Amino acid sequence: MESRKRMKKIMIDLDETIVSGGYLEALNEYLHTNYRPKDVKEYYVSNILTPEENSKYLDYFYQNINVYEKSHLIPDAIEVIQELNKYYDIYICSAFIDKRKPLACSIQAKYKYEWILKNMPYIDPKKIILTSSKDLIMCDVKIDDKVSNLKDGYGKIKLLLNQKHNESYSNEELAQYGILRVKNWREIYKLLIEGESPQ
């Protein structure tokens, strides 16, 4: 019977996949600037600073900022994930280790966990995975914004959510790693629920 079949597992990233903007807003407040997403092409937005300034900023950031209080939801993410949850076994998998500040960054695990519990109550807390070694997690589908999180490890279907910092990868280059770029969460819905390939 259909109900006895194993549900396919989806591993979904959090930052810049479900929520976005918080890191840039925090940096703008600290610097009294008005950087916009198009101005930052690196994954770590604070890398626009010199190494010395960056270190000082990260000390401030981890001591004072809950980035999820500044982040906004990526359009349709929550709604589509809730719908996917009817058909798939959903795991939220997010990294929190910042090698530049390995001790101070541990507070991020708390903030991430609390945000997921509050905003995604349909996700079993046991299915919240906080690790930087995403390649070790067994799954059928991976959804992430970072190419390095998709290149290795499990996942028959690997979906890269389009963001400014990953636009330098061509579709041909991504295809070598079995990665498919998707523009938004509506495309993910069409692909994983309706079975339509992104345009």
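Every value quoted in this text rests on a predicted model; they were computed, and no experiment measured them.
- By the 4.5 Å heavy-atom criterion applied to side chains, Asn166 and Leu174 are not counted as neighbours.
- Legend: side chain to side chain donor-acceptor pair (under 3.5 Å) pairs involving residues 30-39, not counting sequence neighbours, sorted by first then second residue: Asn28-Thr33.
- Taking CD1 of Ile90 as the start and CG of Asp124 as the end, the distance is 12.5 Å to the nearest 0.5 Å.
- Between Glu42 and Ile48 the shortest side-chain heavy-atom distance does not fall below 4.5 Å.
- The pair Lys164-Glu167 meets the salt-bridge criterion, since a charged nitrogen lies less than 4.0 angstrom from a carboxylate oxygen.
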Legend entry - Criterion side chain to side chain contact (heavy atoms under 4.5 Å, CB included) on Ile18 and Met120, from CA distance to verdict: CA-CA 11 Å; Ile18 299 174; Met120 308 177 78; 4.2 Å; yes

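- Under the 4.5 Å side-chain criterion, counting only non-hydrogen atoms from C-beta, Pro125 is in contact with Tyr113.
- Tyr91 and Ile193 are assigned to two separate hydrophobic clusters, defined by single-linkage of ILVMFWY side chains at heavy-atom distances under 4.5 Å.
- Within a 6.0 Å radius of NZ in Lys127, more than 12 heavy atoms belonging to other residues, nucleotides or ligands are found.
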Inset, instruction - Would you please test Asn119 and Val19 for side chain to side chain contact (heavy atoms under 4.5 Å, CB included) and show each step? - result: CA-CA 11 Å; Asn119 293 276; Val19 295; over 6 Å; no

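- Remark: Ser94 OG to Leu14 CG distance equals 4.5 Å, nearest 0.5 Å.
- Under the 4.5 Å side-chain heavy-atom criterion for Ile, Leu, Val, Met, Phe, Trp and Tyr, Tyr43 and Ile12 are members of distinct hydrophobic clusters.
- Gln108 places a side-chain heavy atom less than 4.5 Å from the side chain of Tyr62.
- Closest of all the heavy-atom pairs between Leu58 and Ser46 is CD2-OG, 4.0 Å.
- Legend: residues meeting side chain to side chain contact (heavy atoms under 4.5 Å, CB included) with Ala109, ordered by chain and number and at least two apart, are Phe96, Leu130.
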Inset, instruction - Carefully, step by step, assess Leu161 and Trp185 under the rule side chain to side chain contact (heavy atoms under 4.5 Å, CB included). - result: CA-CA 8 Å; Leu161 186 67; Trp185 276 94; 3.9 Å; yes

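- Looking at Ile143, Ile92, Ile188 one by one, the single match for side chain to side chain contact (heavy atoms under 4.5 Å, CB included) with Thr17 turns out to be Ile143.
- With hydrogens and angles disregarded, no donor-acceptor distance shorter than 3.5 Å links the side chain of Tyr57 to the backbone of Leu49.
- Under the 3.5 Å distance criterion, the side-chain polar atoms of Glu53 are matched with a main-chain donor or acceptor of Thr50.
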Inset, instruction - In sequence, state the C-alpha distance, the side-chain angles, and the governing distance for Lys110 and Glu114, and then conclude on salt bridge (Lys or Arg N to Asp or Glu O under 4.0 Å). - result: CA-CA 6 Å; Lys110 175 180 184 292; Glu114 290 176 345; 2.8 Å; yes

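- Cluster membership check: Leu191 shares its hydrophobic cluster with Ile10, using side-chain heavy-atom separations under 4.5 Å among Ile, Leu, Val, Met, Phe, Trp and Tyr.
- In this structure the side chain of Pro75 never reaches within 4.5 angstrom of the side chain of Asn184, judged on heavy atoms.
- The side-chain heavy atoms of Leu192 and Tyr88, taken from C-beta on, include a pair separated by under 4.5 Å.
- The distance from atom NZ of Lys190 to atom CZ of Arg186, rounded to the nearest 0.5 Å, is 8.0 Å.
- Between Lys9 and Ile137, every side-chain heavy-atom pair lies at or beyond the 4.5 Å cut-off.
- Annotation: side chain to side chain contact (heavy atoms under 4.5 Å, CB included) contacts of Tyr44 (sequence neighbours excluded): Asn47, Arg100, Lys146.
- Listed for the Lys134 side chain is a donor-acceptor partner under 3.5 Å among the backbone atoms of Cys93.
- To the nearest 0.5 Å, atoms CG (Asp13) and CG (Asp144) are separated by 4.0 Å.
- Cluster annotation: Leu84 and Leu73 are assigned to the same hydrophobic cluster (Ile/Leu/Val/Met/Phe/Trp/Tyr, side-chain heavy-atom contacts under 4.5 Å, transitive).
- Taking all atoms of both residues into account, the shortest heavy-atom contact from Leu103 to Ser106 is O-OG, 3.0 Å.
- Residues that satisfy the side-chain hydrogen bond (donor to acceptor under 3.5 Å, both in side chains) test with Gln163, not counting sequence neighbours, are absent from this structure.
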Legend entry - Worked check of side chain to side chain contact (heavy atoms under 4.5 Å, CB included) between Tyr189 and Glu79: CA-CA 10 Å; Tyr189 178 90; Glu79 295 81 2; over 6 Å; no

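- The NZ atom of Lys101 lies 3.0 Å from the OG atom of Ser55; values are rounded to the nearest 0.5 Å.
- Other residues, nucleotides and ligands contribute more than 12 heavy atoms inside 6.0 Å of the CG atom of Leu136.
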N/O donor-acceptor pairs under 3.5 Å from side chains in residues 153-160, not counting sequence neighbours:
{"unit_1": "Lys158", "atom_1": "NZ", "unit_2": "Leu150", "atom_2": "O", "d": "3.0"}
{"unit_1": "Lys158", "atom_1": "NZ", "unit_2": "Lys151", "atom_2": "O", "d": "3.3"}

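- When all heavy atoms are compared, the tightest approach of Met11 to Cys139 is CB-SG, 4.0 Å.
- For Lys112, the salt bridge (charged side-chain N to carboxylate O under 4.0 Å, His left out) partners at least two apart in sequence or on another chain are Asp15.
- Note that the CD atom of Glu29 and the CZ atom of Phe61 stand 11.0 Å from one another [nearest 0.5 Å].
- The environment of Lys70 atom NZ is dense: over 12 non-hydrogen atoms of other residues, nucleotides or ligands sit within 6.0 angstrom.
- The one candidate from Asp145, Val40, Val45 that meets the side chain to side chain contact (heavy atoms under 4.5 Å, CB included) condition with His165 is Asp145.
- Ile97 and Ile116 fall within the same hydrophobic cluster, defined by Ile, Leu, Val, Met, Phe, Trp and Tyr side-chain heavy atoms under 4.5 Å apart, directly or through other members.
- Counting all heavy atoms, side chain and backbone alike, Glu187 lies closest to Arg181 at OE1-O, 4.5 Å.
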